[in-house]
Every structure is written in structure tokens, then in C-alpha cells.
Number of protein chains: 2
Amino acid sequence: MYALNLLPEQSDNVSALSRWLTPVLTIVACLYLPAMGYATPVLKAGLDTDTVTEAVALRDAAVRGTQAFHWVEKLTTEVGPRLAGSDAEASAREWAVKELTDFGFDRVWVESFPLPGWERGLETGYVISPYPQPLTLTSLGGSVATPDEGVEGEVAIFTSLQALEAAAPGSLEGKIAYVGHAMRSTQGGSHYGYFGRLRREGASIAASKGAKALLIRSIGTDSHRMPHTGSMRYDPDQPRIPAAALSNPDADQLERIAARGKMARVRLLLTPRFLGEVMSGNVIADIRGAVSPEEVVIIGGHLDSWDLGTGAIDDGAGVGITMEVARQLLALEKRPRRTIRLILWGAEEVGLLGGKAYLESRSEELRKHVIGTESDFGAGRIWQVTSRVNDQAQPIVDLISQLVEPLGIAPGPVGVASSGPDLTPMVSAGMPAFRFVQDGRDYFDLHHTPDDTLDKISAEDLDQNVAAYLVFTWLAANTKINDWGWPSTD
Amino acid sequence: MYALNLLPEQSDNVSALSRWLTPVLTIVACLYLPAMGYATPVLKAGLDTDTVTEAVALRDAAVRGTQAFHWVEKLTTEVGPRLAGSDAEASAREWAVKELTDFGFDRVWVESFPLPGWERGLETGYVISPYPQPLTLTSLGGSVATPDEGVEGEVAIFTSLQALEAAAPGSLEGKIAYVGHAMRSTQGGSHYGYFGRLRREGASIAASKGAKALLIRSIGTDSHRMPHTGSMRYDPDQPRIPAAALSNPDADQLERIAARGKMARVRLLLTPRFLGEVMSGNVIADIRGAVSPEEVVIIGGHLDSWDLGTGAIDDGAGVGITMEVARQLLALEKRPRRTIRLILWGAEEVGLLGGKAYLESRSEELRKHVIGTESDFGAGRIWQVTSRVNDQAQPIVDLISQLVEPLGIAPGPVGVASSGPDLTPMVSAGMPAFRFVQDGRDYFDLHHTPDDTLDKISAEDLDQNVAAYLVFTWLAANTKINDWGWPSTD
């Protein structure tokens with residue numbers, strides 16, 4: 001596909017370029033696309049060669065440089081950490097509204113929703129005996145505080161969540177449970193769901209055995225003194241006990257101490273606070289469709305982050321990638337057939353609250369959401385496409401896959417009901433799914449740690465993402481096929 | 001040299017092995033060493049082929065596995081961080097005395113000395129405006145505290161210590177000086193001396209311009225949210241202002257904020273405390289020389305560490321390597337010609353206090369210290385030998401270099417007056433110098449941070465170090481040459 005590389009080297013001025021390039025590219029496309037075997041796939045995808053040519057030109061310009069990194073830099077510098085429901089998250093919404101308004105969207109608005117507020121406090125841990133020394137840890141998001149004097153107890157060591165679950169009721173009375181289940185790095189991040197259950201549910205399982213606090217090995221793949229936070233929830237039938245994650249080196253240390261066969265006693269002090277009802281919101285910006293404006297294609301990332309880092313890879317990257325995609329499509333003279341909706345989701349980290357709020361506020365128009373996807377797996381390059389669409393829409397997914405293949409992306413499993421976290425409520429409601437899977441081999445090194453900062457991001461990798469999303473978005477917004485597989489309402 | 005690999009694979013039982021191997025190796029050596037061109041170098045080095053053969057056998061056994069990692073693991077687990085003058089450093093001395101006594105040294109003792117105590121407190125930093133967010137920082141060792149309410153001020157940005165020095169007196173009145181001088185990774189760590197001056201002297205230079213606090217970019221080469229501590233000193237003629245180091249990502253962030261042209265205001269709270277006089281000490285263990293016991297060869301590492309990590313690479317590694325070297329030499333049936341002295345130095349980090357105390361308590365016997373060296377540059381493999389010895393001793397250094405060459409080590413510059421930090425006072429007093437230089441390309445990623453933990457160490461790399469130190473120590477302790485170049489007393 002790089003045979004179509006007619007753009008001059010390096011330019012940010014997509015608008016001026018597209019003005020003179022469109023006719024040139026159209027001629028090239030008319031001459032060559034049929035010969036390249038695109039004619040039938042393009043027709044089957046409900047598209048025309050103009051649209052495909054435009055997508056290819058956008059793609060090829062993007063790999064030569066985009067402003068995606070610039071938006072991540074701006075967000076993470078000018079706002080920094082953006083905990084769900086915090087003043088900083090509100091600042092991020094203001095920032096986004098201003099930037100998106102400057103881009104010239106047809107409409108930019110915020111849809112607010114309430115959530116229970118929580119903020120981190122002090123968090124310290126010490127091995128009291130047999131080998132006194134500090135431990136580096138962090139409260140899990142949503143954990144209750146310890147008593148003011150802290151909580152101290154003998155540590156009961158478990159090597160897996162399953163081992164904790166198998167402990168006899170009452171057997172942890174007066175003890176602090178430690179679970180050292182260690183996740184491994186995978187390209188697609190598939191271990192997270194499995195190992196993450198320890199973080200999400202571990203406290204109540206430990207409480208059900210009598211434990212007075214839970215310590216876990218961080219759900220992370222690095223070996224730095226960086227504990228990984230992340231959301232947890234309490235089973236309403238169990239006592240709410242404080243829960244914290246040790247960094248991997250600290251988890252190693254506690255396990256080494258325990259392996260010496262001497263009873264380890266640990267003291268924890270955690271002072272997080274619940275703040276009552278606070279507000280979050282989704283920032284939404286539309287490029288209005290020229291033919292079927294009521295039909296919507298969603299792209300986006302989430303605006304909130306955990307408080308420890310500056311939310312660069314989670315999810316400044318997704319915000320920056322999709323802001324840039326929307327900006328470039330806005331700069332085209334041509335309007336898409338249907339509406340392209342950029343959603344910068346709020347309060348993703350604390351339970352996909354933005355995604356849930358968006359779904360809840362929609363009824364009949366829900367099924368007008370033709371397709372949607374979220375970029376929320378870091379700043380690595382995309383390597384795979386997954387989807388769940390009907391037979392009619394499969395040719396669109398196939399064509400998108402074909403067009404992004406020169407970016408190093410290949411089709412992955414079909415029938416995968418995932419469009420990224422904030423689309424989960426809608427996909428669960430039956431919405432067709434599409435996802436670009438990024439290379440996440442280092443994602444869980446940084447995820448939910450203080451180390452989630454801008455220096456971990458390669459601008460070139462973001463550009464590759466932008467190139468792929470431009471292809472997806474432009475084709476999805478212009479295909480005549482508007483039923484990608486919502487289930488029948490009969 | 002690996003032609004002499006006659007030892008069976010893997011064994012920790014050096015003593016038993018050496019019992020039957022010595023005669024075998026001696027025969028091999030008598031037959032082959034002259035043919036291999038060693039006869040003349042061995043004679044010129046004041047040695048015999050038996051000693052060389054023993055050194056080679058020790059070396060080759062060491063690369064197949066030693067207990068060096070075990071000692072590092074034990075120290076960093078059972079004691080953890082060991083700040084100079086702290087109870088933990090005292091525990092480390094107790095630990096070392098017990099272990100070394102168990103090894104069977106002829107004599108194990110502690111030489112105590114006083115020092116001014118200092119301990120870290122809270123340390124927080126915030127950008128107040130224009131973009132409110134937290135900063136990750138740590139107090140420099142020996143810094144005074146801020147007032148209880150913290151210190152707040154506009155930040156004056158300097159890109160180098162030289163730029164700070166060039167600022168006009170009074171120009172920083174009411175401000176917080178930030179200096180972003182960034183060191184780079186080098187194999188031998190040579191940037192540290194130059195860039196480290198910012199940490200050591202920066203506060204008083206900033207104070208001389210009127211600054212009320214100093215923030216520096218960490219003297220470190222990583223990109224993690226890990227600020228690097230380390231010692232500083234105050235010029236008695238300047239006001240003592242608080243000083244802290246930002247992690248590299250935080251320094252990047254502050255520079256990005258400042259680059260937006262808006263005045264940045266920062267608030268710092270540091271609560272370190274001075275504790276009055278506390279005690280440290282050197283742990284010393286002798287393998288008494290059979291012929292000239294009053295003559296001494298020193299090896300060792302320092303027992304204290306900074307408080308943030310567990311002192312694994314700085315300097316658990318040096319302790320573990322040299323403990324293992326001494327343990328293996330103790331296990332030989334043969335005693336060395338002169339005394340091998342293992343010194344586990346105290347309070348190195350806060351001004352080489354162990355090295356100074358050792359020197360100060362010695363007078364005539366000082367010149368009986370034939371040679372000495374310290375392992376204190378992490379846990380990487382040795383790649384270079386440097387030395388400063390007289391012409392008479394050069395053949396010993398040459399022979400050591402030749403024998404360690406199969407380990408990937410080559411001779412480096414001669415005339416280098418360095419035997420590691422704690423020998424500096426003695427080398428400054430005229431003592432000959434010898435140093436194995438480790439590969440330190442990642443040393444300043446970890447140095448003086450919370451990340452200085454056991455997981456960063458490769459047992460195999462330690463074994464290579466042990467192999468080299470065995471060669472050095474055995475040859476240095478057995479050569480007939482006892483004047484390596486102390487200057488004439490005439």
C-alpha cells in the first residue's frame with residue numbers, strides 16, 4: 001500500500017494538503033485500486049474507492065508524523081493525575097472542552113454523572129519482626145482506612161487467590177492475609193483479567209476467613225519499587241477490611257522473610273477517605289454526519305487516571321490518539337456519511353462509570369450506535385484486530401484489516417465482544433464490537449503506578465495508532481452498511 | 001586458561017575439593033605452566049607456580065557458582081536498609097560478626113566510631129501553579145528540614161550547576177532554585193564525579209544567591225519515579241537551606257511546565273532530623289598470614305546503605321562478593337603468606353567515615369598495608385583493571401590481569417589512584433591502588449533509590465566478580481613483593 005505514498009515528507013497541515021491531494025489521489029485510485037484487487041472488497045464493504053483512497057492517504061500521512069504525542073504531553077503536563085471525581089478530573093474536562101472547541105467540532109458537550117468519591121491518604125507498611133524494615137505499598141482504590149493507629153498482625157502467606165479461597169473460615173482471625181499471585185506479561189494483556197480478580201475481590205475473600213487486612217503482590221509485571229493501585233470492591237456480606245498492594249520487589253522480600261520459617265508480623269497504616277457524592281463526566285464531541293447524522297461511530301479514550309502517575313499510558317495515550325484522529329478528520333473538506341463521536345470518558349478506572357452513564361442516558365437512539373471502540377491499552381503499537389460483527393459488516397472489518405496490514409497489524413479472532421472498557425456496557429447490551437489490540441508487553445510494568453508518565457511513550461508508536469484509527473473511523477463513518485450486528489429486537 | 005578446568009561441575013564444597021585437587025593441579029601446573037609462558041611472569045611477580053595454579057583453580061570453580069548471591073540475599077533480607085548510624089546498621093554489624101565468626105576467621109572485631117546522626121522524615125512536593133500536581137522527590141542526605149508549614153516559592157530554572165553559579169548574588173531571593181543538570185550512563189560511571197557536585201555542593205551555591213531551597217534533577221540515569229538521594233554538605237559561610245532531588249520524570253515535568261513560560265510555584269515539605277552523635281563501625285576479619293602476619297591485604301565492601309532501598313547493589317553486592325572470597329580462601333588448607341583482611345566498612349555513604357576512621361586509628365602499621373581494594377560499584381561484571389603501583393609491583397598487576405582476562409577483564413589505565421571509596425583516605429596518604437572496575441551502565445539507574453533491591457542482581461555476575469577477586473587476593477597475599485609503591489619516607 002505504500003505505493004500510494006504521494007504525500008510530501010512531514011507536514012502537519014492536513015487540511016491544506018487534502019485540498020490538492022484529493023483529486024490527485026482520486027485519479028490514482030481510479031486507475032490502480034481495481035487493478036490492486038480492491039474493487040470487489042470495496043463494494044462489499046458498502047464503500048467507494050474515493051473513501052478508501054482518502055483513508056490510505058490519511059494513514060500514510062499519519063505514519064510520517066501526527067500531533068498525538070502533543071496532546072498527551074499537553075494533558076499530562078497541564079493537568080497531571082486525574083483521579084475520578086477529583087478537581088483534577090474536572091480540570092481535564094475543562095481542558096478537553098477547550099481543545100476540542102478549538103478544533104472546530106460541530107458540537108462539544110459534557111454529560112455529567114455522580115459517583116462516590118474516594119481519595120488516597122498516607123500509606124505505610126513495616127515488617128515489625130523478625131527483620132524490621134519498611135515496605136513500599138499503596139492502597140487499593142476504594143479501600144477503607146486502617147484504624148488511626150494502624151493495623152498489626154501476623155502475616156498468613158498464600159501463593160494464589162485459590163489458596164486463599166481454600167482457607168478454612170476463621171483460620172485468618174487476627175491475621176493479615178498476603179497473597180502473592182504473580183501475573184506475567186503477555187502481548188495482549190490477557191493475564192490481567194485472571195490475576196486482577198485478586199485485587200478486585202481479594203479483600204472480601206480474606207475477610208470471610210477472618211483476616212483483618214489484605215496485602216497483595218501488585219497486579220503488575222515490573223520489578224521496581226512501584227506498587228500498582230487499581231479498583232476493588234467489597235462483598236456487602238463481609239466485613240470491609242483495608243487492602244493494599246506491595247510492589248513486586250517488596251512482595252519478593254516478604255515472601256523471602258516468610259520462607260525463613262519465622263513468623264512475620266507486619267504493621268500497616270492506610271488513611272484513604274470517602275468523600276460522599278462527587279461528580280465526573282464524559283466529554284463528547286461530534287463531527288456531524290452529512291447523510292445520516294443520527295447514526296454514530298464512537299472513538300475515544302478515558303480522561304480520568306489513577307492518582308499515582310500522570311496517566312500517560314492509561315489513558316492519556318488513548319485520549320491523544322483519538323483526539324488527533326478526530327482533529328484530522330475535521331480538517332478534511334469532506335464530511336462523513338454518519339456522525340463521528342469522540343468520547344473522552346470519565347471515571348473509567350473506578351468501574352467504567354462513564355460508559356455506564358452514557359448507556360443509561362440513551363434509549364431508542366442506542367441502536368443508532370453503529371460501531372464504537374476505545375483506545376485504552378497504553379501507547380504501544382497496534383498488532384491485531386478483533387471484532388464481533390454480522391456477516392453483512394464483516395467485509396468492512398476485512399477491508400479495514402487489509403488497509404492497516406502495512407502498519408504491522410493482522411486480523412485476530414472474530415466473535416470477540418470487546419470494544420475497550422467504556423464500550424463494555426453497550427457491547428453487553430448487544431452493540432457490535434471492534435478493537436485494535438496494542439502491544440501491551442510493557443503495559444503492566446507501568447499500569448496504575450507512579451511510573452505512568454510521559455517519558456514512557458514513543459511518539460512514533462502513537463502515530464501508528466493514529467494511522468490505524470484513521471482507517472477504521474473513516475471507513476466506519478462512510479460505509480453504507482449501518483447494521484453491523486445489533487441483535488434483532490423481535 | 002580454561003584448559004585448566006579440571007574441577008567437576010558445580011560444587012560449593014571448596015574445602016573438600018581443594019584437598020584432592022591441589023596435588024593434581026600442582027602436577028598439571030608443573031607440566032604446563034612453563035610451556036604456557038607463565039614461568040617468567042610468575043617469578044617476576046614474586047610468586048610460584050603453586051600459587052598461580054591455586055588461583056586459577058579458585059577462579060574456574062567460582063565461575064561455576066559461588067555463594068556470593070546468598071550473602072547478599074541474607075543481608076538485604078534479614079537486615080534490609082542500613083542507614084549510617086542507625087539501629088539497622090548496628091544490626092548489620094551484628095549480622096556480619098556472626099556470619100564471619102561462623103566462617104572461622106582467625107579474628108573478627110568491630111572498630112566503632114561516632115558520627116552525627118541524620119534521618120529522613122516526610123518529604124512531599126507540589127506544583128501549586130500554574131498546573132497543580134504532586135512531585136516525587138526525596139531529601140538529600142544531610143539536608144535541613146523545611147519549616148513545619150513547608151517552603152513555597154517561585155521556581156528559578158537552571159540547566160546546569162555552572163548556570164546556577166553564574167547567577168547574580170541576591171537574584172534568587174525568595175525563590176526555590178531548580179537545577180536540571182542531567183548525567184548520562186557510562187560504563188565506568190565517570191559522569192558521577194562531575195554531575196554529583198550538584199548534589200554535594202548545590203544547596204550552598206543556591207543559598208549564596210538568596211534561594212530558600214534547592215531542587216535538583218536526581219543524579220541518576222533512569223526514567224522511573226525514583227528520586228536518588230545521596231550525601232550533601234553545607235558551606236559554613238552560607239545559610240543552610242533544604243535540598244531535595246526530583247525523580248527524572250518529575251524533573252522533566254517541572255521543566256515542561258517552566259517551558260510554557262508561566263511562573264511555576266512549588267511547595268516543599270521536608271522533615272529530616274539531626275540526631276546528635278550516633279555510632280557506626282567497621283567490621284574487620286583477618287585470615288592471619290603464615291609468614292608475614294603484620295603485612296595486610298584489604299578487600300571488602302561497605303555495610304551501610306541509603307535508607308530508601310535495601311542496599312543490594314550499593315553495597316550488598318560488594319559485601320557478598322568479598323565475604324565469599326574470604327570464605328573460600330579460609331576454606332583452603334594453605335594459609336597465605338601475609339594477612340588477608342576483610343573490612344565491611346561503616347558509614348561510607350555519609351562521607352567515607354569508615355575509611356577515615358580506619359586510617360586515623362593507624363600510625364606505623366599503616367605502611368604495612370601492602371595493597372587494598374573495595375568492591376563498591378554495584379553487581380555488574382568486572383571489565384577492567386586499574387592500578388597505581390611501583391615498577392617492582394607492576395608484574396603482579398600484570399599477572400593478575402593475565403589470569404582474569406578469560407573472565408572478560410582487560411587492563412585499563414595505570415597510575416589511577418583509586419581502590420574504591422573507603423580506601424580513598426589511605427590512597428590519598430600514599431597507599432598503592434588497585435581496582436576492578438565493574439560494568440556500571442545501569443548502576444546509576446538504581447543507585448541511592450528505593451529500587452536498589454535484590455531482584456536487580458544476577459548471581460552469575462557476582463560469581464564472575466568473586467573469580468576475579470580470588471585471583472587478586474590470593475596473588476597479592478602470597479607474592480614476596482611487599483612494597484607496591486608507598487612513597488619513600490625520606
Those residues that, when tested against B:Ala379, pass side chain to side chain contact (heavy atoms under 4.5 Å, CB included) (two or more places apart):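 Here the qualifying residues are B:Ile313, B:Ala317, B:Ile457, B:Leu462.
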So, using side chain to side chain contact (heavy atoms under 4.5 Å, CB included) as the criterion, who are the partners of B:Ala145 when residues are at least two apart? B:Pro272
Chi angles and distances behind the side chain to side chain contact (heavy atoms under 4.5 Å, CB included) call for B:Val155, B:Ile257: CA-CA 11 Å; B:Val155 179; B:Ile257 289 171; over 6 Å; no
I want to check something: taking the side chain as every heavy atom from C-beta on, are A:Leu303 and A:Leu75 in contact at a cut-off of under 4.5 Å? yes
Are any non-hydrogen side-chain atoms of A:Val319 and A:Val72 less than 4.5 angstrom apart? no
Rounded to the nearest 0.5 Å, what separates atom CG in A:Leu122 from atom CG in A:Leu269?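 Those atoms lie 6.0 Å apart.
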Do chain A and chain B have donor-acceptor pairs under 3.5 Å, and which are they?
from, atom 1, to, atom 2, distance (Å)
A:Glu73, OE1, B:Arg260, NH2, 2.7
A:Glu73, OE2, B:Arg260, NH1, 3.4
A:Thr76, O, B:Gln253, NE2, 2.8
A:Thr77, O, B:Gln133, NE2, 2.8
A:Thr77, OG1, B:Arg256, NE, 3.1
A:Glu78, OE2, B:Arg260, NE, 2.7
A:Glu78, OE2, B:Arg260, NH2, 3.4
A:Gln133, NE2, B:Thr77, O, 2.8
A:Ser223, O, B:Lys456, NZ, 3.0
A:Ser223, OG, B:Asp455, OD2, 2.5
A:His224, ND1, B:Asp451, OD2, 2.4
A:His224, NE2, B:His224, NE2, 3.1
A:Arg225, N, B:Asp451, OD1, 2.9
A:Arg225, NH1, B:Pro450, O, 2.5
A:Gln253, NE2, B:Thr76, O, 2.9
A:Arg256, NE, B:Thr77, OG1, 3.2
A:Arg260, NE, B:Glu78, OE2, 2.7
A:Arg260, NH1, B:Glu73, OE2, 3.3
A:Arg260, NH2, B:Glu73, OE1, 2.7
A:Arg260, NH2, B:Glu78, OE2, 3.4
A:Pro450, O, B:Arg225, NH1, 2.5
A:Asp451, OD1, B:Arg225, N, 2.9
A:Asp451, OD2, B:His224, ND1, 2.4
A:Asp455, OD2, B:Ser223, OG, 2.4
A:Lys456, NZ, B:Ser223, O, 3.0

Considering only heavy atoms, which portion of B:Leu308 lies under 4.5 Å from any heavy atom of chain A: side chain, backbone, both, or neither? backbone
Can you tell me which portion of B:Pro132 sits under 4.5 Å from chain A's heavy atoms? Options are side chain, backbone, both or neither.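 It is the backbone, since no side chain atom gets that close.
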Let me see the working for A:Ile176 and A:Leu215 under side chain to side chain contact (heavy atoms under 4.5 Å, CB included), right down to the final yes or no. CA-CA 7 Å; A:Ile176 295 173; A:Leu215 273 180; 4.3 Å; yes
